[in-house]
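What follows is one structure encoded as C-alpha cells, with my remarks underneath.
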Amino acid sequence: MAVAASSMHALAMNTDHPAADFSDTPWWLSLIKAVLLFVILLLNTLLVIWFERRVIGRMQQRPGPNRAGPFGLLQTLADGVKLALKEDVTPKNADKLMFIAAPIIAGAMAFVAFAIIPLSGSVWMFGHHTPLQLTDTPVAVLLVLAVAGVGVYGIVLAGWSSGSTYPLLGGLRSSAQVISYEIAMGLALVAVFLYAGSMSTSQIVLAQKGIWYCIPAFFSFIVYIITMVGETNRLPFDLAEGEGELTGGFHTEYSSLKFAMFFLGEYVNMFTVSALATTLFLGGWQAPPGIAAIGGGMFNGGWWGLLWFFIKLWLFMFFFVWLRGSLPRVRYDQFMRLGWKVLIPTTLVWVVAVAFIRAAQLGFLGDSKAWGGIPRATLIVIAVIAVIVLAIAWVWDTKQARKDNEVTAPPDEVNPFAGGHPVPPLPGQRLVEPVPAIAAAPAARSSVDNHSEEPRG
Amino acid sequence: MTHLGGAESTLFWFAAPLSVLGALTLLFARKAVHAAMGMAMTMILLGIFYITEQAEFLGIIQIFVYSGAVMMLFLFVVMLVGVDSSDSLVETIRGQRVAGLLFGLALLALTISGVARTTFPSFIGLDKANASGNVSGLANLIFGKYVWSFEVTSALLITAAVGAMLLAHRERLRPKLSQADWSRRRIREGVNVAGLPVPGVYARHNAVDTPALLPDGSISELSVSRVLKARGQVVNTQTLTAATEEFEESTGDSTQEEGGQQ
C-alpha cells in the first residue's frame with residue numbers, strides 16, 4: 001500500500017503541471033499570440049464555410065460557389081458583408097437585454113477554449129523562446145468543457161428571449177443535447193487523462209510521443225467523435241435547428257450581425273472540438289510516425305508542428321463536412337436514447353476497464369512479471385476484460401438469433417385487399433389471382449365499417 | 001490587500017462589483033430568468049476568483065458543475081414554468097412556513113456555532129500545499145484522508161437522485177404505440193386512413209389554429225388540435241373566407257374560369 005501510494009505520488013509529480021514553459025513569455029507576446037489566434041480562427045472560419053459548400057457540392061455532383069474570386073474563395077466574405085449590412089430585427093415580444101446578450105455569449109465563449117490548444121512546441125518568436133500556445137493549466141481540458149457549458153447559455157437564452165415558440169423549443173432541445181453529450185464526452189476524456197496522467201494539454205501531447213491515444217483509447221476516440229458532432233449541433237445531430245420542424249430553432253428570430261455571431265460561434269466550436277480531438281487522440285502537433293523519425297526529429301516540433309496540427313485539424317473538418325453530405329438527420333428521441341442509454345453507460349464501463357489496465361501497467365496490482373517481462377497483472381486484467389466482452393457478445397448473439405427465429409416468414413401469396421385497403425406485395429411475394437373488381441368490391445366493403453366513399457372521377 | 005499583485009487587484013476591482021451586482025439581481029430582479037442569470041454570473045465570477053487564487057481545479061469545477069449543469073437545469077425549469085407566472089402565496093402544506101423558518105434558524109445557529117468554533121492550524125503555504133500538483137493534491141485528500149465523508153456524500157446524492165426519479169416516474173399501463181402501430185391501427189379501423197386532415201390554408205392565413213373547410217363549407221373539427229379548441233384559440237374562418245372572397249371579387253374566380261373552359 002505504501003509502495004503504491006509513493007509511486008502514485010511520483011507519477012503525479014511528473015505530469016500534473018503543464019509541460020509548456022511560459023517563463024520566457026512577456027505579457028505583450030501573449031497578447032500578440034491571442035490576437036493571432038483570433039485572426040487564424042476567423043480566417044479558418046471563412047475558409048471552412050467555402051470548403052464545406054464546395055465539398056458538399058462535389059458530393060452532390062454540382063460545382064458549389066465558384067463566382068466570387070478564384071474558385072469562389074471570396075464567396076464567404078461577400079456573404080459575411082451582406083449579412084452584416086442587413087436590417088437588425090428585434091421581435092416585439094423579445095426580452096431585449098437577454099436577446100442581445102445571447103449572441104454575445106455564444107460568440108465569445110467559442111473563442112475562449114482555443115487558448116489552451118497547443119499549436120506546436122516551443123519556437124523563437126521576437127527573441128523569446130515560447131510555446132505556440134496561449135496558455136496552459138493543470139486542468140486545461142476541463143476548461144474546454146467548462147467554457148462549452150457556459151456557451152450553452154447563449155443558446156438557451158436566445159431560445160427563451162425571442163418570445164416565440166420555435167426558438168424556445170429549439171433552445172431547449174439544443175441545451176438538453178449539449179449537456180447530455182457533454183457527460184459522455186467528459187467520460188470519454190477520462191480514459192485519456194488516465195493514460196497521460198495529466199489534464200494539461202501540453203503534457204498530453206508529450207505523453208503521445210510513443211503512441212497516439214487513438215489506438216490505446218480507441219473506444220474513447222469513437223465516443224468523442226460522436227459526441228463532438230452532438231456537442232456542436234451539426235448534422236446528423238442538428239436537431240436544434242431542424243429546418244423541417246423548427247424553422248431555424250433557437251436563432252429563428254435573429255438577423256444581421258446577431259445571427260452572424262451564432263453562425264461564427266458554431267464554426268469556431270467545430271474548430272475547437274476538432275483541435276481538442278487532434279490534441280488528445282492524434283498526437284497534437286507531433287509529426288506522423290514515419291516523418292517524426294527523419295533527421296532525429298527535425299520535422300517534429302518547432303514551426304513544423306503547426307503544419308501537422310493544421311493537417312490533422314482539417315481532416316476532422318473534412319469529416320464534419322463528409323457527415324453532413326452523407327447522413328440524414330436523426331429523430332430527437334433516437335438521438336437522446338443513443339446519448340443516455342448507449343454512450344454514457346458503455347463509456348462508464350470503458351473507463352473502469354482503462355483504470356484497471358492502467359493500474360496493472362503502473363504496478364498497483366503486483367509487480368510480478370510473466371514471460372518476456374510483461375507484467376502479469378496486465379495480462380490478467382486484459383484476459384478478464386476479454387472474457388467479459390466475449391460473454392456479453394455471446395449473450396447478445398443468442399438473443400438476436402432467438403429474435404430472428406421468432407420472425408415468421410411472410411406467405412408466398414398475398415391478397416392485396418384482404419384488410420380492406422390496398423397493400424403492395426413484399427419483395428418475392430406473389431399476388432393472388434385477380435378477382436374481377438365488381439365481384440370483389442362488396443366482399444372488401446363488408447370487412448370494413450361503412451366508410452362510404454363516392455367513387456371519384 | 002497588501003499581498004495582491006497589480007493584475008490580481010485590477011481583476012478583483014472589476015469582478016467583485018460585478019459578482020455583487022449578480023447577487024443583487026438574484027434578489028431584486030422581476031423576471032425569474034433574469035434572477036437565474038444573475039446567479040449564474042455570480043457563480044462564474046466565483047470560479048474566476050478561485051482560479052486567480054491558484055485553485056484552478058476548484059475554479060473550473062465551480063464553473064463546469066454549478067454554472068454549466070446545476071444552474072442550467074434551474075433555468076430549464078424557470079423557462080418551462082413560464083415567463084409570467086408569479087409565486088403562489090398559498091401554503092400547500094399546513095405549517096410549512098413556520099417549520100421552514102424554524103429549520104432555517106436552526107441551520108443558521110448550527111453554522112454560526114460551527115464556524116465560530118473553528119481553529120485554523122498554522123498555514124503551510126500554497127507552494128507546499130500544491131507540491132504534488134493542485135489536482136493530485138486534491139485527489140490525495142478526497143480519495144485518501146476524506147474518502148469516507150466523500151463516499152457518504154455521494155451515497156446521499158444518489159439516494160436523492162433515485163428518489164426524484166421515483167417521484168417523477170409514471171407507470172405505463174399499456175405499451176407505447178409507435179408510429180407504425182398508429183398507422184396499422186388507422187388502416188385496420190379504416191378511419192382517417194391517410195392521417196387527420198391538415199389545418200386550413202387561406203388566401204391570407206396559414207397556421208395551426210385555422211380549421212380546414214369541408215366541401216360543403218363547414219369546418220373540419222379534426223383539422224385543429226383539441227388543445228387549441230379547449231383554450232378557445234381557434235380562428236374564426238368567416239373572416240378568413242371573407243378575405244378570399246374579397247380577392248376573388250377583384251381578380252375573378254379562377255376556379256370557375258377553369259371549369260368554364262373545359
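Throughout, protein chains are lettered first and strands after them, A, B, ... in sequence-line order, and every chain is numbered starting at 1. Note that these values count all heavy atoms, side chains included, but never hydrogens, waters or copies made by symmetry.
- For the atom pair NZ of B/Lys229 and CD of B/Glu221, the computed distance is 4.5 Å after rounding to the nearest 0.5 Å.
- With a 4.5 Å cut-off on non-hydrogen atoms, B/Ile60 touches chain A through its backbone and its side chain both.
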Run A/Tyr181 and A/Phe335 through ring pair (Phe, Tyr, Trp, His ring centres under 6.0 Å) and show every step you take.
CA-CA 10 Å; A/Tyr181 271 66; A/Phe335 175 68; 4.5 Å; yes
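- No other option in A/Leu97, A/Leu143, A/Thr137, A/Ile183 has as many heavy-atom pairs under 4.5 Å with chain B as A/Leu143.
- Counting heavy-atom pairs under 4.5 Å between each of B/Val65, B/Val33, B/Ile44 and chain A puts B/Val33 at the top.
- Figure legend: cation-pi geometry between A/Arg358 and A/Tyr195 absent, as NZ or CZ is not positioned both under 6.0 Å from the six-membered ring centre and within 45° of its axis.
- Interface remark: A/Ala176 contributes backbone and side-chain atoms alike to the contact with chain B (heavy atom separation under 4.5 Å).
- Looking at B/Ile61, the atoms closer than 4.5 Å to chain A (heavy atoms on both sides) all sit in the side chain, from C-beta outward.
- Between the side chains of B/Asn134 and B/Gln54, no donor N or O sits under 3.5 Å from an acceptor N or O.
- Under 3.5 Å, the side chains of A/Ser164 and A/Ser162 contain no donor-acceptor pair of N or O atoms.
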